[in-house]
Structures are given as C-alpha cells and as structure tokens.
Amino acid sequence: MSSPVLQTTNLTKAYASPEGPIPVLSGVDMAVMPGESVSIRGESGSGKTTLLYLISALESPDHGQVMWTGESIFEKSSNWRARRRCTFMGLVFQAYYLIPELDAYENVLMAARLKGKLTAADRQRAKELLDRVGLSARMTHTPGKLSGGERQRVALARALLNQPPLVLADEPTGNLDEHTGEDVMELLLELCRDEGASLFLVTHNPDFATRTDRQLFLHGGGFEQR
Amino acid sequence: MKWYFYLALKQLFPSGRFISLFFVVANIGVMLGVAVLLIVQSIMNGLGSEIREKMADTDGHVRIHGSGIIYDYEPLVQIAQSMPEVEAVAPYAEGLAMMMGNHIPQFPFIKGIDVFDEDPVVPLQQYLKGDAVVDDLDDERVFLSSGLARAIGAFPGSTIELYSPLMLEKLKRDEMLLPRELTVAGIFQTGYNEIDENSMVITLRLMQELYGLHDGAHGITLRLKDRDDAEAVALRLNEMLDSPFYATTWLDRNQARLFILNLEKTVMSFINLFIILIASFSIAVSLFSAVVRKTREIGLIGAIGASSYQIAGIYCFQGFLIGITGSILGVLLTLGGLSIRGEIMQGIALLAGDPTIMQRFYGFEILPVEYQPLDFAITIGLAIIGSTIAGLLPAMRAAMLKPADALRNE
Ligand SMILES: Nc1ncnc2c1ncn2[C@@H]1O[C@H](COP(=O)(O)OP(=O)(O)O)[C@@H](O)[C@H]1O
Ligand SMILES: [Mg+2]
C-alpha cells in the first residue's frame, strides 16, 4: 500500500481578532492518497479556504502537522516550502489570477520560470497543455481578451505544468456560469486523472462533489459524516 | 533570464502591446529632468568659460606688482620674459580719472597700455568695433568702452576732455593744468560687463604724463601661452622676486566673481534637481498603484514559489530600467536640442522682429555651450538612483505582502 500524498494530523487554526481569537479549524485529520480526488464542501466561512492555505503552507497552523509525501513541512524552512510547493502542487483559485501583461502561453510558462530554468521540454509541455484545454488557437492572447472560462483553463494548464502530484482547487467554478463551470470542472477532473495527480477540490456544487472519489463536509471546525 | 527580470520587462512591454503607457510617461519625466539639468549646466559652463576667458584676457594672466609705482621695471620684464611659459610681457598703469564728453561728466576706469609692443599683452584688437585698429592709439587718442561711449554719446572722431589727479596736485600749488583734449579713436566691447560699462584705454606714455608717473608703471602684465599655467608661473615668480615685488594671477584677482560663477551653477543645478525628484515621485506613485492593483497576482506568484526578494526585484528593476532609458533619452534630448540652439535662437530673434538682437544684447549670436563629463555622470547617476529608489518603495510593499493575505484580498 502506498503512502498518502498529503496528510494532516490534528490541524488547528484560529484567527486573532480584536474580540478575541476566532477558532476556524480544531484538530483536522485527513489524508489524500496518490491519484485520489477528494471534494470538500461546507458553508461559507466554515474554513475550507483556511484548510487549503494550511495544507499548501501559505499559512501556518496553531497546532498540528501537514505532511507532503511523508515530510513534515513546518519543520522545514519557509524557503524550502516555497521551492517545494512550486513542483509539489498546482493551485487553482476562484479568480484565475493570471498576469495581465503576459499572454496565455507565457502565463502557463510562469510556473516553470518560478521553478528555475526554463527548458525546451517546459515549452513543449505548455503547448500540449494549452492544446488539451482547447486553447491552442488562443496562446498569444492576453487574459484581457479571454473569457472567464478560458482564463480558468489557462490557470488549469499553469497548475499542471510542473507535473505536480497534487492539485488544490478553491471553488474553481465559482466565477463561471453553470455551463462553462461544467466544462471547466470536467476538464479539471479529466486532467488530474490523466496526469495521475491527486485532487483536493473545494466546491459548493453537490454534482461536482459526487464525481470525486471521496466527499468531505467541513462543519464546526472538523469533518462531519453525512 | 531570471523570471523577475522577465516579468518586470513584460510589465513595461506587455505582450500584444508595443509598450506600456506607464513606461512612456515615466521615461518622459526622467528625460525632461535629465535634459533640463544638463542643458542648464552646459550653458552655464559655456557662459562661465566665456566670462573666464574674457576675465583672463582683459585682466592679464599674471601680473607683477610692487608697492606703488615701479620706476625701474626693465629687470622685472626680463625675469618674466625668461620664463618659457610666457608669451608676452608689457608694463601697464591703471586708475580712475574724470572726463567730460558732450558736457557729460564720467569717472571711468582708465588703463594705460604699452602699444609700441608689437604683440599687445591684452588682446584689444579683437574687441574693437568697426574698423578701428590698435595702431590707431597714440598720445592724442583714446579708446572708449561701449558703455562709456553710449553714456556720453561719443563716436569715433568725437573729442573728450580728460582730467587727471595730477591737476589737483598742481592746484594745491596754485598752478593750473588744463584738461587734456583727446580724440576717440575707437570703441571696444569685450562682452564682459564689468569692463564694458565704464572704462577707457590710453597709451602708457600719456598715462605716465597725466598721473605724474615719470617713467614708472603700476605693474607688469604677462600673457602666457596657456592660461592654465598661471598659478604655476606666479608661484615660481614669487620664489624669484624680492620684496616688494610679487606676482598674482587673474584667478587671485577675480576670486569673488569666480566664486559667484560657481555658486550660480550650483544653485541652478540644485533647483533643477527637483525635476528629477518629481519624476522619481511620479514613478514611485505609479508603481505603487500597480502593486496595489496587482495585489492578488503578486499573491499568486508568491503562492507558487516566488520569494519576497524576487517579488521586490520586479519593481526595483523597473525603476532602475526607467532611470537608465530616461537618462539616455535625456542625454539625446540635450545634445540634440543644443546642437540646433543657433536655429532656436534665430527663431526667437525673428519672433522678436530683430535678427541682430542676440548679438547686440549678449555679444554673441550662438549661445556658448560646454559639456563637462562630470555633469553628465552626476546627473545620470542621480536619475538612476532616484528612479531605483522610486521602485524600491513599492517593491518593499509588494515584498511584505503575504500570499495568503494577498489572495484573500477581494
Ligand atoms: N486573515 C483572517 N483574519 C481573521 N479572520 C479570518 C481571516 N481569514 C479568514 N478568516 C475567518 O475564518 C473563517 C473561515 O474562513 P474561510 O476559510 O475563508 O472560509 P470558507 O473558505 O469556508 O468560506 C471565516 O469566519 C473568516 O471570516
Ligand atoms: Mg473560501
């Protein structure tokens, strides 16, 4: 049996506020296996984004551990985490976050540039991925000339460029209409399956959630069974 | 290329567009600041050199003085002539006198020169107007400065009366000495106001007579082959000369005016420096708003692996680049603008309806300009430092953004 790509133990987080700490997560334990897709649902403010930030090490927990393929990440330097994150996970957000001055192809390549040296293989893969998401004809278009759905496809290609074993997506269809959201979600699930990447998907949509291997509900600071 | 340099360049030259408006506007700001500073400095240098040259020419590069009248100056002349740097030597006398022309009294500064020397120490000829020549000067004739001639309405051929201090001496002894009647032989204009305002030139012999100097002079003027040798020559002369004789340079004698010339340039440069400062501020403001506008994109770059230093580099590099390109444009504008300054001035003169206006008021038709490498180095250095610092402030702000906070910034 293989070990989990991602594992958390007793993950606890509260935000400080003038009225005292706001507890968000209290002792979350979870594991995602290689190639497995997991969906997280929960009410707004239940801590889904917070959980995503903790497992991607963009924020640090008050207690508990996060392990990337068995390595306890908060025992390492922030520099190590930043560099590892670059190749270990792909990130997709509700609001695309493409760089407006770069065209679609260059936006995808940004992931490889951040990793270090840009190789011919990176360029080749960027083109292939853009082809996969159906944008080979729009490679030289800047985000301003792309629709919301197209932008999110560029973001998907960027997230997958470095062949990460894990993809984290935070409501990736939240800004899209129903039909476009459907297409993008289809593409995300398909790409992750083809690439063998695990998926950690935050979503509101029960239809999308049922298409993942496992469904989790976040409530009151922890997962609840339904 | 490092990705942050790449991204900085991309923000200045975005895909699908030739150039960003910000880059154009920021460059214009730096360019204008650099050009105005360099143009003002170069013109100040040119005018300063012109004034220095006239000062040195009219004043004599080095002078030997004694205490009062020097009756036996021949040995001093020989000492001076023995020096290899010296081109010409001549005795002179100078002082104040009263004169009348057209019944208007004036008190000009008067200088007696040795015109019998073939090669006059003071290059008077080049300053004479019309077709007057230095040879026209003799014991009956006088050269007037342009300002003095204008004040008394004198022209070549007019007569004036010269009253000397010796007349007062004689009066005390109940003797009478009539004022000397002299003919105006020519009018000179050096372009150096101090002299042009109110002075006259007569022969040394006439001066000796009017001032009761007998065979004496007030000093010796030396013209050097290269006026930059003045201080070295004066130093050696002072080692050779016995008291009461001593040598001074034109620099010593014009210290106050030279100081003011330098001060003027410093003050003008300082004032114009603010243009560069303002240009830097506008760069800082634009980059700052870019950082605020791009908060979430910066957050994402941070989230997928960029360090704070690299993110800061994006904005610092933009400021630095604008400093360099703006400076290059500023230098080009300076050289280009000043190379057609003749045409520009002619245009202004034509607008004023008088093509000779520059010559008449300023004594030159084309503005004198002198480029000094140090001016360029300092100005370009300040422009680059200014715009890099302008990039540094937004860079720090961008670097301090935590990816998670930046991404939550909706
Ligand atoms: N930086 C923060 N400071 C204080 N409170 C925060 C901060 N970020 C999130 N919260 C709070 O934490 C709770 C969980 O937020 P979030 O994880 O974004 O929820 P979700 O993504 O499930 O809607 C919310 O109540 C939110 O107000
Ligand atoms: Mg959320």
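Lettering follows sequence order; numbering is per chain, from 1.
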Residue [X] excluded, over 12 heavy atoms near [atom1] under 6.0 Å:
X         : atom1 : answer
Phe281(B) : CZ    : no
Glu178(A) : CD    : no
His204(A) : NE2   : yes

Working to the nearest 0.5 angstrom, can you tell me the gap between [X] [atom1] and [Y] [atom2]?
X         : Y         : atom1 : atom2 : result
Thr49(A)  : Leu407(B) : OG1   : CG    : 10.0 Å
Arg296(B) : Tyr96(A)  : CZ    : OH    : 10.5 Å
Arg113(A) : Phe5(B)   : CZ    : CZ    : 13.0 Å
Lys402(B) : Tyr53(A)  : NZ    : OH    : 11.5 Å
Glu297(B) : Glu101(A) : CD    : CD    : 8.5 Å
Tyr6(B)   : Leu109(A) : OH    : CG    : 7.0 Å

Using non-hydrogen atoms only, which part of [X] is less than 4.5 Å away from chain B: side chain, backbone, both, or neither?
X        : value
Arg81(A) : neither
Leu91(A) : side chain
Met89(A) : neither
Ser56(A) : neither

message: Pair Glu59(A), Arg408(B) - check side-chain contact (heavy atoms from CB on, under 4.5 Å), show working.
response: CA-CA 12 Å; Glu59(A) 285 182 345; Arg408(B) 276 196 202 271; 4.1 Å; yes

Residue among Lys145(A), Glu106(A), Lys117(A) with most heavy-atom pairs under 4.5 Å to chain B: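 The answer is Glu106(A).
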
message: Non-hydrogen contacts under 4.5 angstrom with chain A: give the residues of residues 300-319 of chain B involved, or none if there are none.
response: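 Heavy-atom contacts from residues 300-319 of chain B to chain A are Leu300(B), Ile301(B), Gly302(B), Ala303(B), Ile304(B), Gly305(B), Ala306(B).
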
- prompt: Residues of residues 11-22 of chain B under 4.5 Å from chain A (heavy atom pairs)?
  reply: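 Interface residues of residues 11-22 of chain B: Gln11(B), Pro14(B), Ser15(B).
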
Part of Lys2(B) lying under 4.5 Å from any heavy atom of chain A: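 Neither part, no heavy atoms under 4.5 Å.
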
